[in-house]
*Asks:* 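Take a look at the following structure, please.
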Amino acid sequence: MTKTRLFSYALIPIIVILGWGLYRSIAGKIELAENIKKSESQVIAKLLMIREAEKAYMTKYGDFTSSFDTLASFIKEDSLFIIEKKEIIQPRTKNDPLYWTNTDSIRIEMDTIGVEMVDEKLFPKDKFPNFNPDMIAYVPGYDISEGKKFEIYTGEVDKGGVKVDVIEVVDPYPLDPTRSDDHPSRIRWNLRFGSKTDVTLSGNWE
């Protein structure tokens with residue numbers, strides 16, 4: 001057996017090891033990308049739930065709550081009015097200053113026709129069979145014992161001399177290592193909705 005052939009045989013284990021390492025590296029990146037996609041889908045779904053609950057809380061009490069315990073109790077125990085909106089359309093009379101515009105007069109009437117529990121209104125069991133209000137604060141994908149919760153901020157900003165309520169809810173534990181609040185693009189910040197400085201409830205994934 002020549003030295004060349006011996007050397008070739010000696011290289012086989014090294015080639016196998018390097019090939020396996022390359023395969024695992026590529027497979028690992030693909031697996032991470034899939035896990036990130038799944039994780040962010042779950043986080044966005046939870047942020048949407050929190051947003052709907054906070055909007056309902058604002059509608060009833062006139063501000064947002066910075067307490068997830070309060071929000072959970074609101075979902076489980078509180079109720080919302082069922083409002084019926086009617087548009088009353090009437091032709092304008094000649095005494096109406098806008099008569100010559102050839103438009104109708106439209107009057108909006110709002111009637112309260114009942115009440116409905118918050119959880120039934122926002123999270124009906126047929127659409128959210130596994131929804132648990134007591135878990136609304138926890139970031140999906142982690143064991144509850146780890147205590148990883150969304151960060152929530154509520155406050156007020158001045159808009160033209162008027163104090164307006166704002167809210168921001170953020171996932172501080174992104175699985176994607178490229179997400180950072182230092183990134184120049186908001187869509188690459190940690191997943192969130194709302195803002196501490198602007199009157200918005202939009203999510204940075206939207």
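Here the structure is a predicted model, which means the values were calculated and not measured.
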*Asks:* Are side-chain heavy atoms of Ile50 and Ile136 found at a separation under 4.5 Å?
*Replies:* yes
*Asks:* Just wondering, do Glu116 and Leu80 contact through their side chains at under 4.5 Å, heavy atoms?
*Replies:* no
*Asks:* Can you tell me how far CZ of Phe150 sits from CG of Leu191, rounded to the nearest 0.5 angstrom?
*Replies:* 8.5 Å
*Asks:* Tell me whether Tyr142 contacts the main-chain N or O of Lys149 through its side chain, where contact means a donor paired with an acceptor under 3.5 Å.
*Replies:* no
*Asks:* Side-chain heavy atoms under 4.5 angstrom apart, residues restricted to Ile, Leu, Val, Met, Phe, Trp, Tyr: same cluster for Phe74 and Phe128?
*Replies:* yes
*Asks:* Exactly one of Ile152, Asp63, Leu201, Val169 should register a side-chain contact (heavy atoms from CB on, under 4.5 Å) with Glu54. Which one does?
*Replies:* Ile152
*Asks:* Going by heavy atoms in the side chains, are Tyr57 and Ile167 under 4.5 Å from each other?
*Replies:* no
*Asks:* For Lys60, does the NZ atom sit with more than 12 other heavy atoms under 6.0 Å from it, leaving out its own atoms?
*Replies:* yes
*Asks:* Can a side-chain donor-acceptor contact be found between Thr178 and Asp176 if the only test is distance below 3.5 angstrom?
*Replies:* yes
*Asks:* Looking at Asp134, is its backbone amide N or carbonyl O close enough to the side chain of Asn132 to form a donor-acceptor pair, meaning the two atoms are under 3.5 Å apart?
*Replies:* yes
*Asks:* Do Leu122 and Ile75 touch side chain to side chain, with heavy atoms closer than 4.5 Å?
*Replies:* no
*Asks:* After noting the C-alpha distance and the side-chain angles of Glu156 and Val164, does the key distance pass the side-chain contact (heavy atoms from CB on, under 4.5 Å) rule?
*Replies:* CA-CA 5 Å; Glu156 293 181 334; Val164 183; over 6 Å; no
*Asks:* Looking only at atom types and distance, does a side-chain atom of Trp189 sit under 3.5 Å from a main-chain N or O of His183, one as donor and one as acceptor?
*Replies:* yes
*Asks:* Is the number of heavy atoms from other residues, nucleotides or ligands under 6.0 Å of Lys76 NZ greater than 12?
*Replies:* yes
*Asks:* Looking at side-chain heavy atoms only, is the closest gap between Glu168 and Glu151 below 4.5 Å?
*Replies:* no
*Asks:* Determine the minimum heavy-atom distance between Pro133 and Ala72, stating which atoms define it.
*Replies:* O-CB, 3.5 Å
*Asks:* With a 4.5 Å cut-off on side-chain heavy-atom distances among I, L, V, M, F, W and Y, is there a chain of contacts connecting Val170 to Val166?
*Replies:* no
*Asks:* Hey, mind stepping through Thr200 and Asp198 against side chain to side chain donor-acceptor pair (under 3.5 Å) and telling me if it holds?
*Replies:* CA-CA 6 Å; Thr200 179; Asp198 293 323; over 6 Å; no
*Asks:* Report all side-chain donor-acceptor pairs from residues 41-49 shorter than 3.5 Å, counting only partners two or more places apart or in another chain.
*Replies:*
residue: Lys46; atom: NZ; partner: Met135; partner atom: O; Å: 3.0
residue: Lys46; atom: NZ; partner: Tyr138; partner atom: O; Å: 2.8

*Asks:* Would you indicate whether the side-chain heavy atoms of Glu77 and Val118 approach each other to under 4.5 Å?
*Replies:* no
*Asks:* For Phe131, what residues pass the ring pair (Phe, Tyr, Trp, His ring centres under 6.0 Å) criterion, not counting sequence neighbours?
*Replies:* Phe123
*Asks:* Could you tell me whether the side chain of Glu206 and the main chain of Gly203 form a donor-acceptor pair under 3.5 Å?
*Replies:* yes
*Asks:* Ignoring hydrogens and geometry, is there a side-chain-to-backbone donor-acceptor pair from Arg188 to Ser180 under 3.5 Å?
*Replies:* no
*Asks:* Under a 4.0 Å threshold between the charged nitrogen and the carboxylate oxygen, would Arg179 count as salt-bridged to Asp171?
*Replies:* no
*Asks:* Crowded around Lys121 NZ? As in, over 12 foreign heavy atoms under 6.0 Å?
*Replies:* no
*Asks:* Taking side-chain hydrogen bond (donor to acceptor under 3.5 Å, both in side chains) as the definition, give me every residue that meets it alongside Glu52, ordered by chain and number, with sequence neighbours left out.
*Replies:* Lys55
*Asks:* Indicate, with yes or no, if Tyr153 and Phe64 share a hydrophobic cluster defined by side-chain heavy-atom contacts under 4.5 Å among Ile, Leu, Val, Met, Phe, Trp and Tyr.
*Replies:* no
*Asks:* Check whether the side chains of Thr65 and Ser67 place a donor and an acceptor atom closer than 3.5 Å, and report yes or no.
*Replies:* no
*Asks:* Taking Asn204 for its side chain and Arg192 for its backbone only, find out whether a donor-acceptor pair lies under 3.5 Å.
*Replies:* yes
*Asks:* Can you measure from CZ (Phe68) to OG (Ser73) and round to the nearest 0.5 angstrom?
*Replies:* 13.0 Å
